[in-house]
Amino acid sequence: MENNFFEKVYQVARQIPHGKVTTYGAIGQYLGSPKSARMVGWAINKSAKKNVPAHRVVNKQGLLTGKYHFDGVTLMEQLLENEGVVVKNNQIQEMEIYFWDPNKELI
DNA sequence: GAATTGACGTTCT
DNA sequence: AAGAACGCCAATT
């Protein structure tokens, strides 16, 4: 019932499979507003305290922009690498392979 | 109550 | 081609 922006972000973020990552723009696009990527990141900021894997959500560059928001600066990289994602210099390598699009996969 | 900021992305110059 | 500015909506201060 809560078709709020945040609720959608939570739902999508939780359904991201392991070893996969998505971008704020992808989620924003899923919400129907690709320009609202900022709100997505902001929503995830709040969801960081929930069971939402914020470390699987990065910007379109594959850069771990919000790594400083984690408990540790290396925590985000560790989590991603732990799932099999190769992170180098705060950036995801071969992100195209790890990219998970909610519109395409989740429907 | 109003102004500013914010885990981004697109578009214009 | 590269750089700068704008747009989105909500929450925080």
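Bear in mind that the values here come from a model prediction, so they are computed numbers and not experimental data. Per chain, numbering begins at 1; letters A, B, ... match sequence-line order.
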Novice: Rounded to whole Å, please give me the gap between CD in Q29(A) and P in dC8(C).
Specialist: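 Answer to the nearest Å: 16 Å.
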Novice: Is there a donor on the side chain of R38(A) or the base of dG7(C) sitting less than 3.5 Å from an acceptor on the other?
Specialist: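 Yes, a donor-acceptor pair under 3.5 Å.
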Novice: Between OH of Y24(A) and CD1 of I44(A), what distance do you get to the nearest 0.5 Å?
Specialist: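 The OH atom of Y24(A) sits 5.5 Å away from the CD1 atom of I44(A).
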Novice: Between dT4(B) and dC6(C), how far apart are the P atoms? Round to whole Å, please.
Specialist: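 To the nearest whole Å, 14 Å.
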Novice: Measuring from the side chain of T23(A) (C-beta onward, heavy atoms only), which nucleotide among dG9(B), dC8(B), dA7(B) has the closest atom?
Specialist: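 Closest of the options to the side chain of T23(A): dG9(B).
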Novice: For DNA chain B, whose closest nucleotide is more 5', that of G25(A) or that of M39(A)?
Specialist: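 Nearest nucleotide further toward 5': that of M39(A).
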Novice: Establish, with yes or no, whether the OP1 or OP2 oxygen of dC9(C) is under 4.0 angstrom from a side-chain nitrogen or oxygen of K35(A).
Specialist: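 Checking K35(A) against dC9(C): no side-chain N or O falls below 4.0 Å of OP1 or OP2.
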Novice: Round to a whole Å and report the spacing from CZ of R56(A) to P of dA7(B).
Specialist: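 So the two atoms are 21 Å apart, to the nearest Å.
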Novice: dA7(B) P sits how many Å from L31(A) CG, rounded?
Specialist: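 Interatomic distance, CG of L31(A) to P of dA7(B): 18 Å.
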Novice: Please state how far atom CD in E7(A) lies from atom P in dA10(C), giving the value in whole angstrom units.
Specialist: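 Whole-Å distance recorded here is 14 Å.
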Novice: dA10(C) P sits how many Å from F5(A) CZ, rounded?
Specialist: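 From F5(A) CZ to dA10(C) P: 9 Å.
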Novice: If you take all heavy atoms of A13(A) and V52(A), which pair is closest and at what distance?
Specialist: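 Closest heavy-atom pair between A13(A) and V52(A): CB-CG1, 3.1 Å.
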Novice: Consider side-chain contact (heavy atoms from CB on, under 4.5 Å). Of E83(A), E77(A), K67(A), which one does H55(A) pass it with?
Specialist: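 One option only clears the test, and that one is E83(A).
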Novice: Atom CD1 of I16(A) and atom CD1 of I27(A): how far apart are they, to the nearest 0.5 Å?
Specialist: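 The CD1 atom of I16(A) sits 5.5 Å away from the CD1 atom of I27(A).
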Novice: If we take the C1' atom in both dA7(B) and dG3(C), what is their distance in whole Å?
Specialist: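 23 Å, rounded to whole Å.
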Novice: Please give, in whole Å, the distance from dA10(C) P to N45(A) CG?
Specialist: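 Interatomic distance, CG of N45(A) to P of dA10(C): 16 Å.
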Novice: Ignoring backbone atoms, establish whether K46(A) has a side-chain N or O less than 4.0 Å from OP1 or OP2 of dA10(C).
Specialist: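 No, K46(A) has no side-chain N/O under 4.0 Å of OP1/OP2 on dA10(C).
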Novice: Hey, does S33(A) reach any base, or is it just sugar-phosphate, or nothing, if we go heavy atoms under 4.0 Å?
Specialist: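 Nothing, no heavy atom under 4.0 Å.
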Novice: What is the nucleic acid contact for A54(A), judged by heavy atoms within less than 4.0 Å: base, sugar-phosphate only, or nothing?
Specialist: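 Result for A54(A) = base.
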Novice: How many whole angstroms separate atom NZ of K8(A) from atom C1' of dC9(C)?
Specialist: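 Distance check: K8(A) NZ to dC9(C) C1' gives 14 Å.
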Novice: From the set dG7(C), dC9(C), dG9(B), return the single nucleotide nearest to any side-chain atom of N59(A).
Specialist: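 Of the options given, the side chain of N59(A) lies nearest dG9(B).
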Novice: State whether the side chain of Y98(A) and the backbone N or O of G84(A) hold a donor-acceptor pair below 3.5 Å, judged by distance alone.
Specialist: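 Pair found, side chain donor or acceptor close to backbone of G84(A).
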Novice: Using atom CD of Q61(A) as one end and atom C1' of dA7(B) as the other, report the distance to the nearest whole Å.
Specialist: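 Roughly 12 Å, once rounded to whole Å.
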Novice: Among the candidates dT10(B), dA7(B), dC8(B), find the nucleotide nearest to the side-chain atoms of K60(A).
Specialist: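 Given the options dT10(B), dA7(B), dC8(B), the side chain of K60(A) is closest to dT10(B).
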